[in-house]
Structure formats: structure tokens, C-alpha cells
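Notes follow once the structure below has been shown.
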2 protein chains.
Amino acid sequence: MRRFLMDVDDETLQHIPKYLRIQQELLHYIRSNEWGPGAKIPSEAELCDQYQVSRGTIRRALDELERQGLINRSPGKPTVVNTPKIPLLSSGFRTDIARKGMKPGTKVLRIHVVKVPPDIAPLLMVSENTQLLLIERVISADDIPIIIESAHVARLVDTITAEEVESTSLLELIPAKCHVNLARAVESYEPIALTKAQAQLLACRAGNLGIKDQAVLYDGENRPVYVSTAIVRGDKARIVTETSFHVHA
Amino acid sequence: MRRFLMDVDDETLQHIPKYLRIQQELLHYIRSNEWGPGAKIPSEAELCDQYQVSRGTIRRALDELERQGLINRSPGKPTVVNTPKIPLLSSGFRTDIARKGMKPGTKVLRIHVVKVPPDIAPLLMVSENTQLLLIERVISADDIPIIIESAHVARLVDTITAEEVESTSLLELIPAKCHVNLARAVESYEPIALTKAQAQLLACRAGNLGIKDQAVLYDGENRPVYVSTAIVRGDKARIVTETSFHVHA
DNA sequence: AAGTGGTCTAGACCACTAT
DNA sequence: TAGTGGTCTAGACCACTTA
């Protein structure tokens, strides 16, 4: 049987909400590897008994651990501890490079022509009603889906096939199709909570943490070529970039 | 008075939880600027009436909007819509460059010698009991705290003052003090939920989204010089990087 | 003093998974 | 069928802010 630190309740110090104390204690069991990857944690009913709190309080503690990608919950099944994150090389190579001895995979969702979304238009410096090629795919490592990538191509190209997208990096494919060279990329990263639709494509749960990585790729004359918007699962990957510094004189 | 889409409840389609429908509807009012930055949203009690649900359900809908940085809640005060994110240039310059016409600020928390933390030791290639200089500071833009930065310096330097840290970029200061040039940086980004302590330093709320940006800086001989760990507020900033591609032949 | 958001309880019903 | 997690309710008390 587990011994719970909560029993050692000094009651002396400040007033920390129960759900936070419980969350921190459960976190400790996971961090210390007392509950290793794949381990079942006690059911919500058991935790209610052990901590003598109501189910809402237990669930609130677990919610946070789930959002941080530390545990996996699903209806009908026991809650288990998740496996650690894999580093994912981005920027300069991006995408496909999910090899750390892992099997990369690409599944094309759609390749079609759409009206440019209002947030993408200014990035590509095109007017509002322009038609663009949109490529959407899911990238996986060892059959675990990791990234949803949506690429809006500024120049209209009609001969990109799903097979080409599945076998080549967009960083090579798109410049070749457009007859340009890529010279520069500007990327922005922001943390997000996954929507239901995103979570479904990534086989994880809505509300989990992720990163939205939006890159604008430019040619040698500084004209935008395409915009890639990647939604990266925060529980399975972190984004890694490498920079070289120029020598100042 | 607001008209709420919820009233138009087709009841025909799938079964979406109430808290999600409400969340999406509130999101719509914010996105469409019907509720602009700074606007007060209805109190929880009012929303309960309007949607005919219990307070727990309303709070669950608001929780998600808060974590995404779209609204600000605090006890005793009405909940208001947040202002949009500022882009934050990183990688190559990093840190201090919070100028977009905004006033940059630095507050030094601590400069002291510590035993190297177990997660930092391998990055700096030092043994477990090494003593390192640790610099901790909070960086702000227009007096809004944005980043908590902790830098562990591999080479022991005893003459760094708070004044120097407040007036100079670590990217210039540390190499100068250590008599080396920086040649390379490897950064990793991952989404996090802010802890209570982090939220306190950043004057926002625990559980909000953020990015943990960990950079290892190397000198010309590929020896690690220092590790910088930055916790960036996700509701106020996004991280922007720029990359140039080398020409292949 | 009244209103706000923050925490917590003790129930309930459901869909899902295992056996 | 029993147990699990997912949703929801209708109360309650608190600390805090504002008038």
C-alpha cells in the first residue's frame, strides 16, 4: 500500500488548496519513478478514500497532470503514467526529421485549393480572395502521431501528389515545384491547448499542451514561398533548434 | 443584452458537452471582437442564468479560456478580456530584444553560487558536485513581466554584478567575463503550464500556458559555456526565430 | 454590505471497458 | 455486470474587491 505524504499534514503553514497539494504529491510519485511509465495509478474512487476528499477535488488534481502530458486517461480504463518526450529537430530541417532511431511516417490528409485564410494572407503578401494550394498531413514517429502540418503555398502548383508529399520533405518539394530556392525562414512558437479536432488527429486528448509552430519560408529575393503551420504534441515531443553565431569582426 | 447562440440548440447533431459549447461560444465573442480587449464579460452568476447551467459548468468553460490567455480572472474583480500577444525575438539575439517600441526592463532576482542541478550537469558536461554561478532575473516589456530567465554558467566567475546583468545582454556579458566567443546555440522549446511560483514572478496565474525555452551556448571549440532556461508567458508573448539557409552548391 | 471569483462537497447519471 | 472515467448539479463557505 502507498503511504501518502498528505498524512503528514503540518497544518502550520499557509493555506494551499487541497487539489494542489494532491497534484504535487502525485507528481512526486511520477517524477521519482515510484510510478514508472505505463504504471496504473489508483482509481479516482481509491484516491478519494486515501485523501478523504470528494471526487471533484481528485479530478482537478489529475486534470493538470493530464494537460502536462504526464498521465493518460480514457473512459472505462485505468489511468496510466505516460512515457517521456522525444526531442524533435526543427528549423533548418524541420518536420520529417523524426529520426532518433525512430520510424518516421507521413499521412496526407488533404491536398486541395482553398481561398487564403485571413491570418495567412498578410504573411504571404497576397490579397484576400487569392486561391492557394493547401497541403495537410500528419507526421508520426514509431506510428505515434506527433505533428499536424498545414502548408499554404503562395504560388499555385497543380502537380503535387500525395505520394510526393509522403516521400519528400516540403522543404525540398515545394521549392522544386515552384522553381525557386529557399533562403530564409521566420518561425514563431506559442503554447496552445489542443482543440478536440487537433487531439483527434494526434490520438490524444483535447486540452493537452502543444506548440503551434508557424514558419514563413522566403526565396532569395525575399518573397514568401509558403507558410507552414505545425501543431506539435507537447506530451510526446519538444522542439529543438540550432543556431550558429556570426563572428563580429 | 447579448443573444446567445446556445438558444439555437438544434439538438440534432452529436453530443457535445455543455461546457465545450459554452466555451466555443464565448470564444466566438472574443475572436469576433464583440468583446474587445479590456471588456468585462458577464459574471459567472449571470452566465449561469443565461445558459441555464450550474456554476461548475460555467467555470469549466472559463478555465480553458483563461489557460489560453484569452481572459484574466482574479478574485473579487470581474473577469476581463486580455490584450493580444507581443512577438518576442529569440535565438541569435534572445532576451533583451523586447523592443517593438516597448520599454524593456530587467529585474535581477539572485546572483549566487549553487551546486549544479542534476538536469543541467550533463548539458554543461560537468560532474555532479560542481559549484556554478547562477543568475536569475525577470525580463519585462512596458513593465509587464514576460520572461523568467535562469542562467547557469559553466566557468566560475566572481565579478558579475546585478548592475551589469541589468544593463547588458547575457549573450555579451558572459562571454566577456569568461574570455570566450560564443559560436553555437542549441535551444529546445516545450509547452508548460505555469507553476504557482512562476506565475507569481510573472504576475499572472498558475496553470496558464507558457513555453520553456532551454538554450545551451557553446564556444568556438564546442565547449558549453552556459545554459539559459527561460520561462516565457504564453498569454503575452510568442517566440520568433529567424533562420538562413545555406546554399547547396 | 453586496458582489465577485476560488474551493469543495455529496450526490447523480452516462458511456465505455473489462470480465 | 461491475468498475472506470466524463459530465453535471445545487448547494456551501471563503477571501477578496468595490462602493
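Keep in mind it's a predicted model, so treat the numbers as computed, not measured. Chain letters run A, B, ... following the sequence lines, proteins first, then strands; residues in each count from 1.
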Check: A:N82 side chain, A:G69 main-chain N or O, donor-acceptor pair, under 3.5 Å: yes
Taking every heavy atom of B:S228 against every heavy atom of B:E149, the minimum-distance pair comes out as OG-OE2, 2.8 Å
By nearest-nucleotide position on DNA chain C, the 5'-leaning member of B:E66 and A:G76 is B:E66
Closest nucleotide of DNA chain C for A:L20 versus for A:K77: which of these residues is on the 5' side? A:L20
Earliest and latest nucleotide of DNA chain C, 5' to 3', sitting under 4.0 Å from a non-hydrogen atom of chain B? C:dG3 to C:dT7
So B:R60, base contact, sugar-phosphate only, or nothing? Heavy-atom distance under 4.0 Å. sugar-phosphate
Determine, stepwise, if the pair B:Y29 / B:E25 fulfils side chain to side chain donor-acceptor pair (under 3.5 Å). CA-CA 7 Å; B:Y29 292 131; B:E25 181 162 327; 3.2 Å; yes
Decide whether B:K212 and B:S188 meet the rule of one side-chain donor and one side-chain acceptor closer than 3.5 Å. no
Are B:R73 and B:D63 within salt-bridge range, i.e. N to O under 4.0 Å? yes
